[in-house]
Structure formats: C-alpha cells, structure tokens
Peer 1: 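Can you read through this structure? Questions will come right after.
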Amino acid sequence: MKVAFIHYHLDPGGVTTVIRRQVAAVRQNGGQALLLAGTRPREDLPAPFHPVAGLGYGASAANDTADAVAAHIAKAVLDRWPGGCDLVHVHNPLLAKNEIFPAVLDTLQRRGLRLLLQVHDFAEDGRPQAFFRSPYPGNCHYCVINGRDYRVLRSAGLRPEGLHLLPNAVPDPGPARPRPRPQTPYVLYPVRAIRRKNIGEALLLALFSGHAKPLVITLPPTSAPDRPSYRNWRQFARAHNLSVRFEAGRHTPFPDLVAGADRFVTTSITEGFGFAFLSPWVAGKSLAGRKLPSVCRDFEQKGLSLDMLYTRLEVPFAWLDRDRFLRTWCRAVRNAAAHFQYDPPGRHRVQQRLETADTVDFGLLDEKAQQEVLSRLVRVPAEKKEVAAQNPLMEEALCGPVPQPQVLHNREVVMAHYGTEPYACRLAAMYRRVMATDVSQEIRKDALLAHFFNLEHFSLLKWAPYEEQDTSGQPIPHADH
C-alpha cells in the first residue's frame with residue numbers, strides 16, 4: 001500500500017503525532033509513505049518528505065494557484081512511485097488556514113487521486129476566523145477521531161460508506177524505570193496552557209487542595225492569541241500565592257514529571273479526541289477534573305470508568321459582575337453569528353436564564369469572571385464550603401485516595417481498545433474500504449453549525465477574544481481598544 005500524507009505543516013503537535021503513528025502503522029502493515037507539507041520540519045521524519053510551499057498556513061491565490069500546487073503534489077507522488085499512490089490522506093482540511101486548499105484538493109481529485117480527508121477540528125466549533133466560505137470538498141472519503149464527529153457528519157449528509165471512524169492510538173510507555181520521587185506529591189496538568197485548557201479551573205481545584213498537593217503545568221502556549229491570557233494567569237497565581245508551578249516541562253523530562261505525580265488533572269472545555277482521559281491510566285496514574293461527555297461517551301462505552309470526574313462546576317452568580325459577563329456573552333454570540341452568517345436558535349431563552357440563574361458553570365466564564373471567583377475564595381477561604389456543597393466531587397478531586405483497582409482496570413481498557421496494535425489494524429481496514437469504494441456525498445454546513453454553535457455550552461474561553469487584565473482584575477488599556 002502506498003499512501004501520501006498531506007498537512008499544512010509537520011511541526012511538533014497533536015496532528016503531527018497522529019501522522020507519525022499512521023506512518024508507523026502503514027510500515028507495520030508492509031506499506032510505504034510519503035509526507036507532504038508546506039515547510040520542512042526541524043525534526044527527523046519517519047518517511048520521505050517533500051516540501052510544497054503552497055500547502056502552508058497563509059497560502060493564497062495571490063502567490064500560488066491551485067493548479068500549480070496540485071501539479072507539484074502529483075509530481076512528488078510520481079517521483080516517489082512512478083505508478084502513483086493508492087490514496088492521499090489529508091489532515092484537517094476543513095480549517096481555513098490556507099485560502100487555496102479546497103481548490104487544491106478539488107484539482108487533485110480531477111487528476112484522479114483518491115482522497116481521504118481526516119477531520120481533527122471544525123471551524124464551526126468555536127473557530128469562526130478559520131471558517132471557509134466555499135463548500136467543503138465533496139465526493140471523497142472522510143474520517144473522524146470520535147463518535148460525536150461521526151454522528152455530526154452523518155447528520156450533515158455524509159454516507160456510511162464514505163465516512164470512517166478512526167480513534168487515535170495511545171502508545172504503551174513500556175516498562176516503568178525507577179525515577180526519583182519528590183518529597184511533596186503534586187498534581188500534573190500535562191498541557192500547553194492555551195485558553196481552551198481552562199487554566200483558571202485548574203487553579204480553582206488546586207486552591208481546594210491548599211499547599212498539600214501543588215499543581216504542575218507542563219508547557220506554555222506557542223500561539224500568539226493564547227499568550228496574553230497565559231501571562232495573566234501566571235501573574236495572578238503569583239499575586240495570590242497560589243500553589244502552582246508553570247512550565248515544568250521546560251526543565252524536567254516529561255517521564256520524570258509523570259513518575260513524581262500523585263495524579264493527573266484535566267479541566268479542558270473542549271477536546272478533539274481526548275487523550276487527557278486515556279493517557280493517565282496508561283502511565284499508572286489516576287485522573288481528576290472535568291469530564292466532557294461528548295468525547296468521553298466513546299471511552300465509557302468501551303468500559304473506561306470516569307465516575308470520579310464532574311461535568312459542571314457550579315459557582316454562585318452573585319460572586320460575579322453579572323452585567324459585565326452578560327455583555328461579553330452577548331457580544332461574543334453576535335460576533336460569531338456574523339462570522340458564520342448563522343443565527344443560533346434559543347438565543348433569547350438562554351440569555352434570560354443567565355440573567356436569573358443562581359449559579360453558572362465555571363467553564364463558561366472568561367478569565368475576568370473566573371478571577372473574580374478565585375479572588376473571593378482567596379480572601380474568604382470559608383466560602384469554599386459553598387462551592388463544595390454545589391459540587392460534591394470538588395473536595396475529593398485532588399486530595400482523595402488514588403483508587404488503584406480503577407487505575408489497573410482503566411489501563412487494560414485503554415490498551416485493549418486504543419493501543420497501537422488495534423490502531424494499525426483499523427487503519428489498514430479503513431484504507432482498504434476507501435480504495436474499494438467510490439462515493440458521491442457533500443457536507444451541509446448548516447448541520448455542523450446547528451450542533452457546534454450551541455448556546456447551552458457557549459464558553460467564553462472558546463468563543464470570545466481575550467480581554468487582558470492586570471492581576472487586580474482591571475482591564476489593561478491597549479491602543480486598539
């Protein structure tokens with residue numbers, strides 16, 4: 001089997017990790033791979049690589065024509081395999097990171113290449129700036145990484161024979177090596193601290209554990225939009241003497257951080273696949289924090305036990321500046337609706353409920369509102385009891401005993417269903433189906449918006465731009481405000 005992989009880039013990150021595992025699976029099954037991306041990566045790659053400038057972020061018709069880029073790709077494929085390839089596996093094609101990408105894919109199809117488009121993220125899911133106005137590629141195969149996205153794309157018009165479910169693989173770390181353990185156990189949040197990882201909620205959990213179990217966050221964000229929020233959280237934690245260590249992964253090898261952790265935590269408000277719910281058990285650790293039912297449904301159906309996680313974290317609305325929150329919420333809804341040219345149903349009903357509700361989910365708040373809650377609890381620690389009463393799992397989240405039988409059970413479930421061996425088999429079977437089946441189908445964008453632009457779960461961390469604050473909670477003036 002000969003497979004050409006296409007992505008905007010192959011720099012370190014989640015999609016690149018998936019591509020590397022797919023290349024390994026292709027080779028494990030006796031096949032060959034070719035990697036194509038917009039820029040040459042800094043790290044070594046597991047297969048031959050060919051750069052195609054018109055595939056990178058920001059490519060536009062002013063500099064590259066779709067026909068020229070497609071011709072470059074086709075030549076690279078024929079240089080690698082004179083008889084051509086069996087299929088072209090394209091990653092994340094529905095994000096408008098490259099203006100000419102849909103036209104490039106259309107041209108490749110007209111040249112006779114068989115396309116499989118793997119969707120990791122949807123612009124309709126809180127990324128209005130990455131929304132293509134043009135139709136999504138049609139009459140080709142699609143694959144997704146979770147059952148939610150499979151159901152959404154089926155409702156949006158894709159056919160069962162042209163849509164494939166391919167959950168990501170969780171690698172087995174191998175036998176544990178002895179590593180030094182710290183004197184004080186800590187809770188590990190192994191993420192890049194982007195806004196969607198909901199750092200404020202992780203700090204709230206750490207506040208409930210006091211200084212007994214510090215919170216350790218591994219890496220800073222790399223994207224410019226996420227950096228101001230991250231800087232502000234670091235300043236806030238320092239100003240309020242919160243027990244948290246940032247950027248631990250810069251100075252300590254990740255396996256050492258894992259070995260010393262008491263447990264993992266996740267407070268993310270959105271995930272594409274959900275490695276955060278699988279990886280801890282493989283490492284022999286427990287997990288605390290927020291469960292995302294939309295992605296965890298798949299895992300629980302396989303037998304994973306996640307009953308230690310909460311799905312909402314209610315805090316009193318009276319502790320917030322409700323008027324400011326509602327203004328921010330309404331503005332974010334209006335702006336997103338204008339970007340998508342779509343009016344989400346139920347806007348007035350949800351707004352009226354927010355105007356009168358006694359509590360609100362902490363994960364729906366922006367950084368300003370989250371800091372109002374945290375500042376109050378720092379000033380008046382006794383009021384933590386009110387939050388604990390609303391959220392029974394809070395006090396046990398970081399301080400309860402680690403359930404070893406549950407850790408062992410969940411590790412077996414993960415390795416049985418999401419290990420590298422089952423993944424290689426699923427990938428090969430999917431490729432065979434794609435190669436054997438022609439499809440006629442297209443995606444209806446209105447169905448995607450109806451699912452993802454859901455005001456019941458409208459988090460400002462996802463949908464609203466960040467308004468920078470100082471550590472006292474006051475807006476920082478900017479020249480463009």
Side-chain angles (χ1 to χ4, degrees), residues 1 3-7 10-35 41 43-47 87 89-92 116-121 141-150 163-176 190-192 254-255 258 264 266 268 271-285 287 292 294-306 407-434:
M1 188 175 293
V3 183
F5 292 90
I6 290 179
H7 188 43
L10 292 171
D11 294 331
V15 174
T16 298
T17 299
V18 170
I19 293 173
R20 285 178 173 274
R21 289 174 185 159
Q22 289 175 345
V23 170
V26 167
R27 294 175 120 178
Q28 180 180 331
N29 289 319
Q32 302 173 34
L34 171 66
L35 298 171
E43 298 183 351
D44 291 338
L45 294 171
L87 59 89
H89 191 153
V90 185
H91 284 265
N92 243 6
L116 169 65
L117 310 188
Q118 180 162 351
V119 179
H120 300 267
D121 304 293
H141 286 258
Y142 280 84
C143 80
V144 292
I145 56 178
N146 63 58
R148 173 203 65 191
D149 294 349
Y150 184 91
L163 177 61
H164 312 275
L165 177 59
L166 182 70
N168 288 332
V170 180
D172 188 336
V191 292
R192 287 201 177 275
F254 184 68
V258 171
F264 285 26
T266 176
S268 175
E271 292 287 336
F273 173 64
F275 279 115
F277 303 103
L278 304 179
S279 300
W281 315 106
V282 176
K285 305 293 178 178
L287 179 65
L292 302 176
S294 60
V295 296
C296 290
R297 173 180 172 181
D298 293 356
F299 308 147
E300 291 179 309
Q301 287 178 341
K302 300 294 186 184
L304 198 72
S305 173
L306 297 173
V407 172
L408 295 174
H409 166 80
N410 280 351
R411 189 185 194 282
E412 291 177 359
V413 170
V414 172
M415 296 316 302
H417 295 283
Y418 301 99
T420 53
E421 291 294 331
Y423 185 80
C425 295
R426 285 194 298 267
L427 184 73
M430 179 183 68
Y431 283 166
R432 288 192 292 269
R433 291 193 299 272
V434 171

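The analysis underlying the following values was restricted to heavy atoms, covering all of them including side chains, and did not include hydrogens, waters or symmetry mates.
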Peer 1: By side-chain hydrogen bond (donor to acceptor under 3.5 Å, both in side chains), which residues pair with T266, not counting sequence neighbours?
Peer 2: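 Expected list: none.
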Peer 1: Is the closest side-chain heavy-atom distance between H164 and Q118 below 4.5 Å?
Peer 2: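 The answer is no, as the side chains (C-beta and beyond) never meet within the 4.5 Å cut-off.
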Peer 1: In the structure I gave you, are the side-chain heavy atoms of V258 and F264 within less than 4.5 Å of one another anywhere?
Peer 2: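 Yes, their side chains come closer than 4.5 Å.
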Peer 1: My understanding is that only residues two or more places apart in sequence, or in another chain, count here; which of them pass salt bridge (charged side-chain N to carboxylate O under 4.0 Å, His left out) with R20?
Peer 2: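 With sequence neighbours excluded, R20 shows a salt bridge (charged side-chain N to carboxylate O under 4.0 Å, His left out) to E43, given in chain and number order.
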Peer 1: For the pair F273 and L278, evaluate side chain to side chain contact (heavy atoms under 4.5 Å, CB included) and give the outcome as yes or no after the intermediate values.
Peer 2: CA-CA 10 Å; F273 173 64; L278 304 179; 3.7 Å; yes
Peer 1: Just do the side chain to side chain contact (heavy atoms under 4.5 Å, CB included) check on V90 and L116 with the steps written out, would you?
Peer 2: CA-CA 6 Å; V90 185; L116 169 65; over 6 Å; no
Peer 1: Is it the case that the side chain of H417 and the backbone of G303 share a donor-acceptor pair, with hydrogens and angles ignored and the cut-off at 3.5 Å?
Peer 2: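 Looks like no, no N/O pair under 3.5 Å.
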Peer 1: List in chain and number order the residues that pass side-chain hydrogen bond (donor to acceptor under 3.5 Å, both in side chains) with Y431, two or more places apart in sequence or in another chain; answer none if no residue qualifies.
Peer 2: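 With neighbours one apart ignored, the set is H89.
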Peer 1: Verify, without hydrogens or angle tests, whether R21 (side chain) and A169 (backbone) share a donor-acceptor contact under 3.5 angstrom.
Peer 2: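 Between the backbone of A169 and the side chain of R21 there is a qualifying donor-acceptor contact (under 3.5 Å).
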Peer 1: Donor-acceptor pair, T16 side chain versus P12 backbone, under 3.5 Å?
Peer 2: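 Answer holds: no.
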Peer 1: For F275, does its backbone N or O pair with a side-chain atom of N168 as donor and acceptor, under 3.5 Å?
Peer 2: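 No; zero donor-acceptor contacts below 3.5 Å.
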Peer 1: Is there a side-chain contact between F277 and D298 in this structure, where contact means two heavy atoms from C-beta onward sitting under 4.5 Å apart?
Peer 2: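 No, their side chains stay 4.5 Å or more apart.
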Peer 1: Mind checking what makes side-chain hydrogen bond (donor to acceptor under 3.5 Å, both in side chains) contact with H120, not counting sequence neighbours?
Peer 2: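 Expected list: H91.
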Peer 1: What pairs with N146 under side-chain hydrogen bond (donor to acceptor under 3.5 Å, both in side chains), at least two apart in sequence or on another chain?
Peer 2: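 Listed in chain order: D149.
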Peer 1: Test V407 against R411 for side chain to side chain contact (heavy atoms under 4.5 Å, CB included), laying out the working first.
Peer 2: CA-CA 6 Å; V407 172; R411 189 185 194 282; 5.6 Å; no
Peer 1: Which residues pass the salt bridge (charged side-chain N to carboxylate O under 4.0 Å, His left out) test with D121, not counting sequence neighbours?
Peer 2: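 Partners of D121 under the salt bridge (charged side-chain N to carboxylate O under 4.0 Å, His left out) test: R127.
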